[in-house]
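Indexing begins at 1, ligand by ligand and atom by atom, following the structure's order.
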Amino acid sequence: MRMAAVRSPLARVAVFFLCLSLVIVQGYVVREESPHNLGKEKVTQLHFFFHDTVTGKNPTGALVAKPNGTFPFNFGSLIVIDDVLTTGVDRASKVIGNAQGFYALTGLTELSLVLAVDFGFTTGKYNGSSFSVMSRNPITSQTRELAVVGGRGQFRMARGVAFLTTRVLRGINAIVEYNVTLLHY
Ligand SMILES: *[C@@H]1O[C@H](CO)[C@@H](O)[C@H](O)[C@H]1NC(C)=O
Ligand SMILES: *[C@@H]1O[C@H](CO)[C@@H](O)[C@H](O)[C@H]1NC(C)=O
Ligand SMILES: *[C@@H]1O[C@H](CO)[C@@H](O)[C@H](O)[C@H]1NC(C)=O
């Protein structure tokens with residue numbers, strides 16, 4: 001009776017999925033037993049100012065590509081940056097790190113960017129540590145929310161959120177305030 005049931009095509013499919021689910025459950029168990037000791041998860045709040053200077057005497061960003069064609073909102077432009085991070089809105093305030101990466105103008109119907117930028121610190125407890133943003137940034141909005149997708153050093157395995165407000169805009173050069181909340185190990 002039982003054997004007959006297994007021989008029916010429907011029962012074979014059922015047995016197949018039962019075996020598959022056992023494999024998946026076992027997979028989870030193996031992951032929980034992994035030897036990596038990550039320690040305790042922490043929450044860190046960061047506050048700093050990002051100076052994006054693409055034009056003028058001492059630029060820290062370079063326009064490296066733009067499309068050969070007419071698109072609205074400078075769509076398709078690509079800018080590579082090594083921008084300064086400071087404690088205050090004033091460029092003369094203490095430098096605490098730099099933001100290296102690139103951003104592209106990705107909005108066809110609005111002025112908007114996508115950032116792929118590593119925010120690294122060069123002083124104090126976080127010297128040598130960084131977190132990574134990979135997110136869209138609709139720069140004409142008063143406050144933007146960007147996704148933090150990873151981190152290194154003190155910010156190992158970070159995920160989080162960054163809130164941005166542009167404080168100063170001179171032509172296309174901007175000083176942006178960042179409030180960042182990170183969950184990390
Ligand atoms: C750029 O666009 C112009 C005008 O459409 C065209 O004549 C030229 O060949 C293009 N250059 C390249 C490198 O595609
Ligand atoms: C930051 O770390 C680098 C590399 O370890 C070191 O050379 C530098 O002196 C440190 N800076 C501060 C301010 O601690
Ligand atoms: C960051 O937080 C401070 C203090 O809560 C607040 O005054 C400021 O407006 C915030 N800025 C952004 C960009 O969220």
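The aromatic rings of Phe119 and Phe50 sit tilted relative to each other, their planes meeting at an angle between 30° and 60°.
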Can you check side chain to side chain donor-acceptor pair (under 3.5 Å) on Asp83 and Thr53, steps first, answer last? CA-CA 7 Å; Asp83 283 346; Thr53 312; 5.6 Å; no
His51 and Thr86: side chain to side chain donor-acceptor pair (under 3.5 Å), yes or no, with the steps? CA-CA 8 Å; His51 299 256; Thr86 62; 2.8 Å; yes
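Taking distance alone, with nitrogen or oxygen atoms compared against 3.5 Å, Thr123 stays at or beyond that limit from ligand 2.
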Would you tabulate the polar-atom pairs, meaning N/O of ligand 3 against N/O of the protein, with distances under 3.5 Å, reported to 0.1 Å?
from	atom 1	to	atom 2	distance (Å)
ligand 3	2 (O)	Asn179	OD1	3.4
ligand 3	2 (O)	Asn179	ND2	2.3
ligand 3	11 (N)	Asn179	ND2	2.8
ligand 3	14 (O)	Asn179	ND2	2.9

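For the residue pair Lys66 and Ser77, the shortest heavy atom distance occurs at CB-OG, 3.7 Å.
Side-chain contact, Arg152 with Ser129: no donor N or O sits under 3.5 Å from an acceptor N or O.
The distance from ligand 2 to the heavy atoms of Thr122 drops below 4.0 Å at these ligand atoms: 11 (N), 12 (C), 13 (C).
Atom-to-atom distance recorded for His184:NE2 and Lys42:NZ is 6.0 Å, nearest 0.5 angstrom.
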Tell me which donor-acceptor pairs under 3.5 Å the side chains of residues 143-150 have, and how far apart each pair is, sequence neighbours excluded?
from	atom 1	to	atom 2	distance (Å)
Thr143	OG1	Thr165	OG1	3.4
Arg144	NE	Asn137	OD1	2.9
Arg144	NH1	Ser141	O	3.2
Arg144	NH1	Thr166	OG1	3.1
Arg144	NH2	Thr166	OG1	3.0

